[in-house]
Each structure stands twice: as structure tokens, then as C-alpha cells.
Amino acid sequence: MTVEEFEEFYMHSRQSLVGQLYLMTGDLHEAQDVVQEAFVRAWVRRGRLDRDAGPEAWIRTVAWRLAVSRWRRRGRSLDAWRRHAGGEAGSAAGPDPGTVALVAALRQLSERQRRIAVLYYVCDLTVEQVAAEVGIATGTVKAYLSRARAALASPLSDAEFKEDYGV
């Protein structure tokens, strides 16, 4: 991928990837950070990135792995903080009520269910593409999606949410 192609790819996919990672992580600032870091890593290897081979999936996977690594580090730090200082860290609210409701509902899912649901419903990947990206069988992806739909039915059935977002 040339410098110009990479810049075009960045301009067209950054916002979408941030939105996807926000839904996966539940933290907008974290999503922005990990997507930016993933793009930095992609820039270094842009000569090996092929536009037809799905560079967006590569960026999304790297960003997800960065987020997981940060969670682990943060968890260890938070445990240490609680042991020594007895406090708890706060978090920032989402940008709008509908997104906040969606993120809150997604937080009720397990990490893997949430990731699979976002890849399928938000990123519009096929079941096969989700299976390949997550590294599990297609039947397992279908089972996770079914459970995620059932778990999200109640939290997202609020009439106000449906009215505001046409669900």
C-alpha cells in the first residue's frame, strides 16, 4: 500500500473503526487511543498491507488486542490502588443517550459475546468473517449471536430508545 493509499484508507476508515471499538470496549477515549495506535503500527508495515486483503480487519484486530492488554494492565493497577489507597476510578459518559443505552446493554454481555455481536451487527461482517477474525467455529459464532440477541432484547426494548433510534 502506497503512502497515498494508506492516507486515503485512514481518512475513510478511522471513524468507523473508532465507533466499532467504542461499542466493543464501552469507552470512547480508549477506542480512539487503541485505533490510533493500531494505525501507527499499520503505518510501519503499510508496504505489506494489501488493500484487498482486509486492512480494516487487521487494524480492528490489533486495536482490540491493544484494548485487552490495557484492560489487563489497568486491572492490575486498579487492584494495587484499591489495596493501598482504597479508592475507585471513575469513567466518562458516552456522547448521546442512544449510544449510551447501547453501550450499557452491550456491557451486560460477556467480552466475547460483545465483540462477536459488534463485528456482526455493527461491522457487517458475515458469520464466516467473524469466525475467522475471532478464531472460532462458525457454529460457535451463531450460538454467541443467538445468546447476545436474547440478552439484548430486554435492555434495548425501551420504547423511548426505539422511538428515538427507529429500532
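Remark: Arg60 engages Glu56, Glu133 in a salt bridge (Lys or Arg N to Asp or Glu O under 4.0 Å) (not counting sequence neighbours). With sequence neighbours excluded, no residue forms a salt bridge (Lys or Arg N to Asp or Glu O under 4.0 Å) with Arg14.
Closest heavy-atom contact between Ala38 and Trp58: O-CZ3, 3.9 Å. The two atoms that bring Val127 and Tyr120 nearest to each other are CG2-CE1, 3.7 Å, heavy atoms only. A pairwise comparison of heavy atoms in Asp27 and His29 identifies OD1-N, 3.1 Å as the closest pair. Nearest heavy atom pair, residue Glu5 against residue Thr2, reads OE1-N, 2.9 Å. Taking both residues in full, the closest heavy atoms of Ala67 and Val34 are given as N-CG1, 3.7 Å, listed atom of the first, atom of the second, then distance.
At most 12 non-hydrogen atoms from other residues, nucleotides or ligands lie less than 6.0 angstrom from CZ of Arg65. In this structure, Phe39 places its CZ atom where more than 12 heavy-atom neighbours from other residues, nucleotides or ligands lie under 6.0 Å away.
Between Met24 and Leu119 there is a side-chain heavy-atom pair separated by less than 4.5 Å.
Here the side chain of Arg41 pairs no donor or acceptor atom with the backbone of Val62 at under 3.5 angstrom.
Interatomic distance, Cys123 SG to Leu21 CG, rounded to the nearest 0.5 Å: 8.0 Å. Note: Thr25 OG1 to Arg114 CZ = 8.0 Å, rounded to the nearest 0.5 Å. To the nearest 0.5 angstrom, Leu152 atom CG is 13.5 Å from Arg147 atom CZ. For the atom pair OG (Ser16) and CD1 (Ile59), the distance works out to 12.0 Å, reported to the nearest 0.5 Å.
Hydrophobic clustering keeps Trp43 apart from Val40 (ILVMFWY residues linked when any side-chain heavy atoms are closer than 4.5 Å, directly or through intermediates). Under the 4.5 Å side-chain heavy-atom criterion for Ile, Leu, Val, Met, Phe, Trp and Tyr, Val35 and Met11 are members of the same hydrophobic cluster. Cluster membership check: Leu17 does not share its hydrophobic cluster with Val44, using side-chain heavy-atom separations under 4.5 Å among Ile, Leu, Val, Met, Phe, Trp and Tyr.
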Begin from the C-alpha positions of Arg115 and Glu111 and carry the test salt bridge (charged side-chain N to carboxylate O under 4.0 Å, His left out) through to its verdict. CA-CA 6 Å; Arg115 183 177 182 205; Glu111 181 181 307; over 6 Å; no
Show me the side-chain donor-acceptor pairs of residues 134-145 shorter than 3.5 Å, one per line, residues at least two apart or across chains.
none

